[in-house]
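Everything numeric here is computed off the predicted structure, so don't read it as measured data.
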Amino acid sequence: MRNIMLKEMKLSASPLAYLFILFGLMFFLPGYPVLCGAFFSTLGLYQSFLYAREANDIVFSVLLPIAKKDVVKGKYGFVCIIELCTLLLMTICVIVRMTALKEAPMYRSNALMNANLFALGAALFIFGLFNLIFVGGFFKTAYKLGRPFVFYIVTAFLCIGIFEVLHHIPGLEQLNSFGTENIMMQLLLLLAGIVAWLLMTVLSYRKACEQFEKIDL
Amino acid sequence: MSAVEVRELVKQYPSFELLRVSFDVRENRITGFIGRNGSGKTTTIKAMLNLIHPDSGTVSFFGKPMVMNEAEIKQRTGYSTGTVNWYPRKKIKDIVQAVKSFYDTWDEEAYRKYLELFCLDETKMPIELSEGMKVKFNLLLALSHKCDVLILDEPTSGLDPFSRNELLDIFTELKNDGVAVFFSTHIISDIEKCADDIVYISKGKIVAATSKEDFILKYSEPGESLEETMLRMEGGVSHA
């Protein structure tokens with residue numbers, strides 16, 4: 001597995017995939033839909049898939065002495081690493097905003113979603129959608145990228161819009177908690193995000209393995 | 001002994017089909033796979049490597065079915081295809097660095113030997129190479145791990161006559177080292193120069209799969225060269 005991951009990171013990846021991890025820092029931006037940071041990180045991954053396709057990466061990988069499902073595993077592994085690195089940056093932003101900056105007026109007066117643990121869970125949900133819709137969709141053909149990416153964009157921005165304004169609905173104000181307010185609820189929502197990401201990724205991976213085994217290259 | 005057994009491969013496309021393709025690649029032999037453009041050579045090779053799924057038929061390497069033993073078989077098999085551009089903007093040395101970690105039998109000495117023989121600069125990127133040099137780079141990857149079977153799809157196309165000659169000599173060297181070499185080509189003189197066995201495909205159907213001597217005995221008319229025989233046969237097949 002180590003050699004597949006090294007190949008993914010050194011040969012198949014576009015440098016943009018690494019650079020766009022920095023969009024995780026958008027969790028510091030006041031008055032901006034912070035979840036767009038998750039979307040921009042996946043945009044870097046999309047570039048990476050494009051880059052790999054132009055380099056004939058899939059056929060090259062299949063010709064290596066590994067099983068076809070390991071090729072799929074390598075792609076999912078790389079995607080998850082980039083997502084988790086972005087999440088790490090987002091987590092740092094959230095911790096700073098929950099502690100040192102919890103009373104900062106620029107964040108308190110923000111009409112959009114606050115970058116709290118719920119926002120981290122929501123970012124994981126967006127990443128899960130990318131894995132389910134885009135990566136899973138890609139492995140139906142191993143070359144068509146446009147269609148699954150358009151489906152992902154529409155779904156992701158719909159979800160981002162909902163997550164960003166959800167706290168304005170009466171009764172859901174607590175979703176926008178600052179600092180450690182409603183910490184149990186925040187933690188549960190983060191946990192729900194983790195579970196959703198895991199479920200979407202594992203389901204997508206299994207389906208992708210099945211489909212990739214069937215297609216002609 | 002057969003290193004590779006291809007049996008009754010059928011694959012249908014809307015405008016082309018492989019029709020019950022069967023042949024053997026024998027150990028310690030060079031097998032030339034000949035046919036005109038579009039005759040089914042690459043489709044057959046793709047089916048052998050499990051890149052496409054035949055509608056029916058089987059492919060076995062070393063007595064083991066390919067579909068069940070893919071990783072193990074690929075460890076013992078070298079493959080190269082014409083001028084396909086792998087990672088055009090990565091340095092050759094970076095591509096090689098990533099590839100060699102997959103092979104238990106990577107042979108650094110062989111890699112250096114072929115790098116020098118093919119006059120390849122490992123600091124260059126594939127996009128900077130001419131078509132012929134791309135072929136050599138693909139061959140370099142296939143030859144640098146000790147394999148028992150070497151499958152090459154049109155390895156001589158795009159090569160200058162000197163490099164082609166060198167390559168055909170390498171095939172003979174590899175055969176003497178115990179490697180079964182299987183290469184497709186539409187250049188009959190390549191077959192004439194080094195092949196022990198001939199697999200001749202036309203319109204998706206195997207016309208002949210036999211030793212070169214038997215092929216000449218069976219199909220050549222007196223005084224006819226192999227090239228003339230094949231041109232006559234292909235003409236016959238085309239107009240059949």
Nearest heavy atoms of [X] and [Y], plus distance in Å:
X      : Y       : value
L11(A) : D94(B)  : CD2-O, 4.0 Å
K11(B) : D216(A) : NZ-OD2, 2.6 Å
A55(A) : P88(B)  : CA-CD, 3.7 Å
A71(B) : A67(A)  : CB-N, 4.1 Å

Would you say [X] has more than 12 foreign heavy atoms packed within less than 6.0 Å of its [atom1]?
X       : atom1 : result
K41(B)  : NZ    : yes
K175(B) : NZ    : yes
M1(B)   : CE    : no
E5(B)   : CD    : yes
M1(A)   : CE    : yes

* Name the region of I4(A), side chain, backbone, both or neither, that has any atom closer than 4.5 Å to a heavy atom of chain B. => both
* Structure fact -> Okay, L6(A) and chain B: the region with an atom under 4.5 Å from a heavy atom over there is neither
* Output all residues satisfying salt bridge (charged side-chain N to carboxylate O under 4.0 Å, His left out) with R76(B), sequence neighbours left out; order by chain, then residue number. => D148(B)
* Sequence neighbours excluded, which residues qualify as salt bridge (charged side-chain N to carboxylate O under 4.0 Å, His left out) partners of K100(B)? -> E108(B)
What distance separates [X] [atom1] from [Y] [atom2], expressed to the nearest 0.5 Å?
X       : Y      : atom1 : atom2 : value
N138(B) : F60(A) : CG    : CZ    : 8.5 Å
L217(A) : L49(B) : CG    : CG    : 11.0 Å
S14(A)  : R89(B) : OG    : CZ    : 12.0 Å

* To do: Sort out for me which of L64(A), I66(A), D70(A) touches chain B most, counting heavy-atom pairs under 4.5 Å.
  => L64(A)
* Asked: With respect to chain B, which residue among E213(A), R2(A), E54(A) yields the maximal number of heavy-atom pairs within a distance under 4.5 Å?
  -> E213(A)
Please confirm whether the backbone N or O of [Y] pairs with a side-chain atom of [X], one donor and one acceptor, at under 3.5 Å?
X      : Y      : answer
K68(A) : E70(B) : no
K74(B) : V62(A) : yes
N56(A) : W86(B) : no

* With sequence neighbours excluded, what pairs up with T123(B) under the side chain to side chain donor-acceptor pair (under 3.5 Å) test? -> D121(B)
* Asked: By a 4.5 Å heavy-atom criterion (distance strictly below it), what part of I73(B) contacts chain A: side chain, backbone, both, or neither?
  -> neither
* To do: Name the region of Y79(B), side chain, backbone, both or neither, that has any atom closer than 4.5 Å to a heavy atom of chain A.
  => side chain
* Name, in order of residue number, those residues of residues 166-174 of chain B that have a heavy atom at a distance of less than 4.5 Å from a heavy atom in chain A; otherwise write 'none'. => none
* Option in H53(B), K90(B), E72(B) with maximal non-hydrogen atom pairs under 4.5 Å from chain A -> H53(B)
* **Sub-4.5 Å side-chain heavy-atom contact between Y87(B) and K10(A)** => no
